[in-house]
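Reading through the structure tokens given below for one structure.
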Amino acid sequence: MLFDQARNELELIDRHTQVLKIVIENGPIGILKLSEITGMQAHKVRYSLRILEQNGLIKASPQGAVAGDSVDEFLRTANEKFRELKDLLEMIEKHGDEIIR
């Protein structure tokens with residue numbers, strides 16, 4: 001369906017931000033503990049950790065994941081980025097309403 005890919009991407013962003021929040025609050029933390037706290041399967045947590053690490057938001061330590069060097073910048077700009085996504089979704093919804101009429 002037309003919206004499936006977008007929905008999947010938004011769900012991934014949600015999952016990644018949930019994992020990041022827990023790492024920031026509880027780091028260092030390992031995959032099994034993250035899985036237990038979030039209720040997510042370990043392979044999904046592992047994937048989120050990999051994506052977060054690639055973006056500099058977390059880094060590995062011998063004790064588990066900890067906040068990365070880019071996390072402060074992410075936190076400063078996150079609300080703005082989320083608002084941009086919300087605005088885009090509202091614009092898409094408006095266009096959909098125009099089609100339905």
Side-chain angles (χ1 to χ4, degrees):
M1 177 118 214
L2 183 62
F3 299 107
D4 290 346
Q5 184 177 357
R7 180 185 183 90
N8 290 340
E9 291 298 322
L10 290 171
E11 287 173 350
L12 276 175
I13 291 170
D14 181 48
R15 189 172 84 208
H16 298 336
T17 55
Q18 285 180 55
V19 170
L20 178 60
K21 178 182 183 289
I22 293 168
V23 170
I24 292 169
E25 293 174 348
N26 299 291
I29 188 167
I31 292 171
L32 295 179
K33 186 68 174 174
L34 276 163
S35 180
E36 178 184 313
I37 291 171
T38 62
M40 296 176 199
Q41 297 172 340
H43 72 276
K44 290 184 176 188
V45 170
R46 187 176 295 110
Y47 178 73
S48 288
L49 290 173
R50 183 171 44 245
I51 297 301
L52 294 169
E53 185 173 21
Q54 288 172 352
N55 285 276
L57 298 173
I58 65 156
K59 55 187 172 185
S61 78
Q63 296 80 26
V66 295
D69 298 332
S70 299
V71 77
D72 289 335
E73 176 66 19
F74 173 82
L75 294 174
R76 274 194 298 279
T77 62
N79 282 336
E80 178 183 338
K81 299 298 182 187
F82 292 138
R83 271 192 300 277
E84 289 172 7
L85 287 173
K86 181 181 176 198
D87 291 346
L88 180 58
L89 288 170
E90 287 173 355
M91 184 176 63
I92 292 168
E93 182 179 28
K94 179 183 174 204
H95 293 156
D97 288 345
E98 291 169 359
I99 292 169
I100 295 169
R101 288 182 200 174

About how many Å separate CD of E53 and OG of S48, when rounded to the nearest 0.5 Å?
-> 12.5 Å
Just say parallel, tilted or perpendicular for the rings of Y47 and H16, cut-offs at 30° and 60°.
-> tilted
Do V71 and L52 have side chains that get closer than 4.5 Å, going by heavy atoms?
-> no
Out of curiosity, I37 CD1 to K21 NZ, how far, rounded to the nearest 0.5 Å?
-> 10.0 Å
When rounded to the nearest 0.5 Å, the distance separating CD1 of I31 from NZ of K44 is 15.0 Å
Are side-chain heavy atoms of L32 and V45 found at a separation under 4.5 Å?
-> no
Under 3.5 Å, which donor-acceptor pairs link side chains of residues 56-67 to any protein atom two or more places apart or in another chain?
residue, atom, partner, partner atom, Å
K59, NZ, D69, OD1, 3.4
S61, OG, Q63, N, 3.3
S61, OG, G64, N, 3.3
S61, OG, G64, O, 2.6

Is there side-chain contact between D4 and R7, with at least one heavy-atom pair below 4.5 Å?
-> no
Short side-chain to backbone donor-acceptor contact, T17 and I13, under 3.5 Å = yes
Does the side chain of R83 come within less than 4.5 Å of E80's, by heavy atoms?
-> yes
For the hydrophobic clusters of this structure (ILVMFWY residues joined by side-chain heavy atoms under 4.5 Å, transitively), does one cluster hold both F82 and L20?
-> no
Determine whether N55 and F74 make a side-chain contact, defined as any pair of heavy atoms from C-beta on separated by less than 4.5 Å.
-> no
side-chain contact (heavy atoms from CB on, under 4.5 Å) evaluation trace for E9 with L12 | CA-CA 5 Å; E9 291 298 322; L12 276 175; 4.3 Å; yes
After noting the C-alpha distance and the side-chain angles of R76 and E73, does the key distance pass the salt bridge (Lys or Arg N to Asp or Glu O under 4.0 Å) rule?
-> CA-CA 5 Å; R76 274 194 298 279; E73 176 66 19; 2.9 Å; yes
So I51 and V19, side-chain contact (heavy atoms from CB on, under 4.5 Å) or not? Walk me through it.
-> CA-CA 11 Å; I51 297 301; V19 170; over 6 Å; no
Could you tell me whether R15 and E11 have a side-chain N and a carboxylate O separated by less than 4.0 Å?
-> no
Heavy-atom closest contact (Q18 atom, M40 atom, distance) | OE1-CE, 3.5 Å
Determine, step by step, whether K94 and E90 satisfy the salt bridge (Lys or Arg N to Asp or Glu O under 4.0 Å) criterion, reporting the C-alpha distance in whole Å, the side-chain angles of both residues, the deciding distance to 0.1 Å, and the verdict.
-> CA-CA 6 Å; K94 179 183 174 204; E90 287 173 355; over 6 Å; no
